[in-house]
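Notes follow the structure.
These figures come from a predicted structure and were not determined experimentally. Worth knowing before you read on, the calculation uses all heavy atoms, side chains too, and leaves out hydrogens, waters and symmetry mates. First the proteins, then the strands, lettered A, B, ... as listed; each starts at 1.
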Number of protein chains: 2
Amino acid sequence: MEPTNGKEACQAKLRASRDALEVIQGKWRIPIIVSLTYGNKRFGEIKKDIDDISPKMLSQELKELEMNKLISRTLYDSMPVTVEYALTPLGKSLNNLLQELLEWGIHFRSEMTGKEKKIAEVVVQH
Amino acid sequence: MEPTNGKEACQAKLRASRDALEVIQGKWRIPIIVSLTYGNKRFGEIKKDIDDISPKMLSQELKELEMNKLISRTLYDSMPVTVEYALTPLGKSLNNLLQELLEWGIHFRSEMTGKEKKIAEVVVQH
DNA sequence: GTAACTAGTTTCCACTGGGTAACTAGTTAC
DNA sequence: GTAACTAGTTACCCAGTGGAAACTAGTTAC
């Protein structure tokens with residue numbers, strides 16, 4: 001990634017990143033999508049995968065993801081009513097992004113373990 | 001990405017994604033990093049790139065990013081004091097992730113433009 | 001003196017992301 | 001009847017995110 005002089009290129013990238021972030025941001029959306037990466041799931045199953053999410057937040061974030069067409073919701077009126085959530089093609093198109101995110105998460109953790117997280121010394125140059 | 005049966009694999013990915021999110025999350029951090037992708041910059045220059053960020057938030061998020069070793073801060077006591085921010089190797093290691101994020105942002109926008117964002121009809125199956 | 005440049009800090013306030021807990025509602029099993 | 005399963009909803013509360021505006025502080029130029 002060259003430090004190109006293109007001011008417009010930088011602005012374009014800033015716009016694209018903010019477009020993406022608007023949809024993906026928050027504590028729970030990515031984890032929910034990761035969970036659905038392992039097959040279609042019902043409300044309670046996602047809740048079990050991400051055990052510290054509250055039903056309120058899960059419900060709320062599933063609605064948001066559905067509105068943005070990243071997941072689909074299918075209601076089965078079986079014996080006890082069940083609902084199945086699944087990734088749409090658009091949701092599945094997050095595959096590469098998720099892969100990079102996961103790899104970086106692992107990389108970051110390995111870089112950090114054992115290292116103190118203090119502010120680096122300020123370097124004064126004359 | 002196969003819907004493998006591995007419950008442990010899913011849990012491992014959930015952990016990795018949440019590790020990464022903890023560092024990257026928020027409205028401003030990714031945009032700041034994108035800006036620094038285009039070369040080392042001073043406070044005022046980043047502010048100019050991301051013109052709707054307040055100095056308070058920029059200062060606060062730069063500190064967080066520095067604490068997590070994603071960026072470095074160098075003070076030059078030149079005529080007017082200047083401060084230069086730069087990506088560390090760890091910050092630069094976000095390259096692939098950023099690339100995927102940007103591409104997905106563009107993809108998402110093109111998928112969405114012209115399409116109404118309403119909740120899909122509920123499909124009832126017997 | 002005043003203005004302008006640098007890089008922030010401080011205060012005050014609003015919104016909302018998110019947590020907890022209790023509650024709804026329909027069906028099956030006992 | 002009660003309990004248990006499904007999938008949520010609702011009400012209340014708090015801490016943190018983020019915005020606006022004013023202010024600090026050191027130096028240079030006029």
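Close to C:dG18, at under 4.0 Å from its OP1 or OP2, lies no side-chain N or O of A:Arg29. Look at B:Tyr76 and you won't find any side-chain N or O under 4.0 angstrom from OP1 or OP2 of C:dA7. Between B:Ser54 and D:dG18, a side-chain N or O to OP1/OP2 separation shorter than 4.0 Å is absent. OP1 or OP2 of D:dT9 sits under 4.0 Å from a side-chain N or O of A:Lys63.
When the P atom of D:dT6 is taken as reference, atom CZ of A:Arg73 falls 16 Å away, rounded to whole Å. Across the protein-nucleic acid pair, A:Glu22 atom CD and D:dT17 atom P stand 19 Å apart, rounded to whole Å. At whole-Å resolution of the value, CG in B:Asp51 and P in D:dG19 are 12 Å apart.
Across all strands shown, the partner of D:dA29 is C:dT2, judged by Watson-Crick or G-U wobble contacts whose two distances both fall under 3.5 Å. C:dA7: Watson-Crick or G-U partner is D:dT24, with both key distances under 3.5 Å.
A donor-acceptor distance shorter than 3.5 angstrom exists from the side chain of A:Arg29 to the backbone of A:Val23, with no hydrogens or angles considered. Under a 3.5 Å cut-off, the side chain of A:Lys41 and the backbone N or O of A:Tyr85 do not form any donor-acceptor pair.
Side-chain N/O atoms of A:Lys56 and base N/O atoms of D:dG8 include no donor-acceptor pair closer than 3.5 Å.
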